[in-house]
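These values consider heavy atoms only, across backbone and side chains, with no hydrogens, waters or symmetry-generated copies. Along the sequence shown, residues are numbered consecutively beginning with 1.
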Amino acid sequence: MFVLDKHGRPLQPCTPARARKLLKKGRAVVHRHTPFAIRLKDRTIAESEVDGVELGIDPGSKHTGIATFTAQAGERRGRYAVHLDHRGAVIRKKRGQRAAYRRRRRTSNLRYRAPRFNNRTRPDGWLAPSLQHRVTTTVSWVRRLARWAPVRAVHVERVAFDTHAISAGRPLEGAEYQHGTLHGTEIREYLLAKFGRACVYCGIAGVPLNIDHVHPRSRGGSDRISNLVIACIPCNESKSHRPVEEFVRDKSKLAKILAQAKAPLRDAAAVQSTRWALWRALDQMLPTHIASGGRTKWNRTRCGLPKSHTLDALNVGKLDTVTETANPILVAGCSGRGQHQRTSPDRHGFPRRTSPRIKTVHGYATGDLVTASVPKGKYTGTHAGRVMIRTTGRFDIRTPHGRAAGIQHTNIRLLQRGDGYTYTHQPEPTRA
């Protein structure tokens with residue numbers, strides 16, 4: 001548990017049992033609900049012995065692991081762990097929808113709107129918003145943890161992927177790096193020869209064949225040759241934008257198709273594009289040490305720990321052994337702080353409904369963490385979770401077990417203001 005002195009400055013973290021005793025005796029108060037932090041009433045940092053903690057970070061494309069630990073003579077003890085879920089895919093999808101709406105307005109029989117990208121320049125070090133989000137959220141959590149714990153240093157895993165060798169599935173040498181998958185051939189002829197001039201879904205041959213994306217482009221699929229197959233016109237139209245897992249019900253046929261379609265490289269490319277930006281941002285805040293992914297795996301295997309982002313973060317850098325891990329871990333999902341626009345469009349871009357101007361009702365806002373004690377009715381009992389406000393004063397509460405609808409605001413008590421994240425806890429695996 002995180003501990004602050006009476007002026008709000010971070011002290012050495014303590015165990016949950018110690019925090020309960022301090023709260024029960026009245027020596028401390030709850031400073032924050034999630035992540036849980038207490039504030040002492042009778043002690044300052046000058047009267048305390050603070051050894052400090054360190055942070056380990058295992059950055060990823062979809063998830064990032066952050067571990068808070070103490071390090072003495074090469075021995076690490078995990079104190080707290082955060083599994084951060086990014087929303088880069090959602091940002092990419094939303095920006096694609098916005099671009100499509102603008103493109104339709106420009107090309108329709110409306111007044112002319114000049115493309116906005118013609119008068120813009122990108123600064124040095126520019127990253128796409130979906131990639132910049134990964135850097136910003138990771139740095140934000142390091143800054144948060146530094147407010148609640150006496151962080152002395154940061155250890156970051158920096159991995160360099162050889163995407164060309166990953167795509168080829170074998171080691172490459174010399175001029176082989178200059179040869180793509182289609183070296184010496186054409187796309188359509190390559191696919192026809194690869195799949196025997198037959199539809200991969202129904203097996204029919206001797207009919208007109210189209211090129212189909214295994215992972216649809218509308219859902220993040222790429223135009224790489226490994227994501228393309230040959231399909232007849234009826235199968236291509238029937239599959240549409242659905243994932244291949246929904247379209248193909250035969251498991252053996254699905255496994256064959258997925259085996260031919262190699263894993264996409266967008267996750268490796270995302271980590272590769274953000275590694276230097278993340279290091280520069282962290283190095284401006286705290287002393288930052290770099291370690292390789294191979295060193296992390298060697299440390300984790302030597303300590304007999306399973307594979308996870310938080311345990312990888314605990315094993316980043318130089319160490320001798322890990323004697324204690326944090327359990328359970330906090331899962332923080334990036335949910336955002338709502339939206340600026342009041343009008344919600346349908347899938348065609350036309351207005352569907354309009355949200356009210358006010359964002360708070362009876363002192364509550366959507367996303368706040370609350371608890372509700374319902375004395376009677378369908379949802380009798382205690383519910384804790386994120387609130388969804390209504391102007392009628394009867395709110396919905398999202399809990400880990402479902403949604404409790406129509407809760408009167410007088411039965412609700414605020415625990416913590418919304419901060420753009422959804423929080424859950426999950427156990428850490430203990431066996432390799």
Side-chain angles (χ1 to χ4, degrees), residues 61-62 87-109 115 117 128-131 161 163-170 179-270 344-350 352:
S61 171
K62 299 178 181 178
R87 61 194 300 257
V90 177
I91 294 175
R92 181 180 182 275
K93 179 181 178 181
K94 293 294 185 181
R95 291 184 65 86
Q97 289 178 346
R98 187 179 69 174
Y101 295 154
R102 289 176 173 172
R103 189 179 303 112
R104 190 198 71 83
R105 290 196 298 266
R106 285 199 303 269
T107 57
S108 299
N109 189 18
F117 54 80
S130 58
L131 299 178
F161 293 99
T163 55
H164 203 158
I166 294 175
S167 177
R170 59 183 179 85
H179 298 165
T181 307
L182 299 177
H183 177 64
T185 183
E186 297 179 358
I187 293 180
R188 187 173 182 83
E189 291 300 324
Y190 173 84
L191 293 174
L192 289 173
K194 179 179 180 180
F195 297 104
R197 300 182 180 271
C199 176
V200 296
Y201 301 125
C202 64
I204 190 173
V207 297
L209 299 172
N210 289 344
I211 297 178
D212 182 57
H213 293 78
V214 177
H215 302 288
R217 292 190 60 189
S218 60
R219 303 202 177 193
S222 65
D223 287 329
R224 292 178 59 226
I225 193 66
S226 60
N227 193 43
L228 302 179
V229 295
I230 292 295
C232 63
I233 295 177
C235 289
N236 191 12
E237 294 178 349
S238 178
K239 179 177 177 293
S240 185
H241 64 279
R242 291 187 294 171
V244 67
E245 292 83 1
E246 296 181 7
F247 179 67
V248 179
R249 300 297 182 182
D250 188 351
K251 293 185 178 180
S252 60
K253 184 183 295 185
L254 175 63
K256 182 179 179 181
I257 296 174
L258 293 178
Q260 292 173 331
K262 299 178 182 178
L265 300 177
R266 59 178 177 270
D267 292 336
S344 299
D346 58 12
R347 63 193 183 103
H348 302 291
F350 293 99
R352 181 170 59 92

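- Using a 4.5 Å heavy-atom cutoff, the side chains of Ser344 and Arg352 are in contact.
- In this structure, Ile230 and Leu192 have side chains that are in contact, with non-hydrogen atoms separated by less than 4.5 Å.
- Across every non-hydrogen atom of Val244 and Leu254, the tightest pair is O-CD1, 3.8 Å.
- Shown here is Arg217, whose CZ atom has no more than 12 heavy atoms of other residues, nucleotides or ligands within 6.0 Å.
- Surrounding NZ of Lys253 are more than 12 heavy atoms belonging to other residues, nucleotides or ligands, all under 6.0 Å away.
- The shortest side-chain heavy-atom distance between Pro243 and His215 does not fall under the 4.5 Å cut-off.
- Closest of all the heavy-atom pairs between Ser61 and Asp267 is OG-OD1, 3.0 Å.
- Listed by first and then second residue, the side chain to side chain donor-acceptor pair (under 3.5 Å) pairs that reach into residues 228-245 come to none, sequence neighbours excluded.
- By the salt bridge (Lys or Arg N to Asp or Glu O under 4.0 Å) test, Arg197 pairs with Glu189, sequence neighbours left out.
- Taking NZ from Lys93 and OG from Ser130, the interatomic distance works out to 14.5 Å, rounded to the nearest 0.5 Å.
- Closest of all the heavy-atom pairs between Cys202 and Cys232 is SG-SG, 3.7 Å.
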Sequence neighbours excluded and cut-off under 3.5 Å, please list the side-chain donor-acceptor pairs for residues 206-213, or say none.
from   : atom 1 : to     : atom 2 : distance (Å)
Asp212 : OD2    : Tyr201 : OH     : 2.7
His213 : NE2    : Asp223 : OD1    : 2.7

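- Nearest heavy-atom pair across Phe195 and Val200 is CD2-CG1, 3.2 Å.
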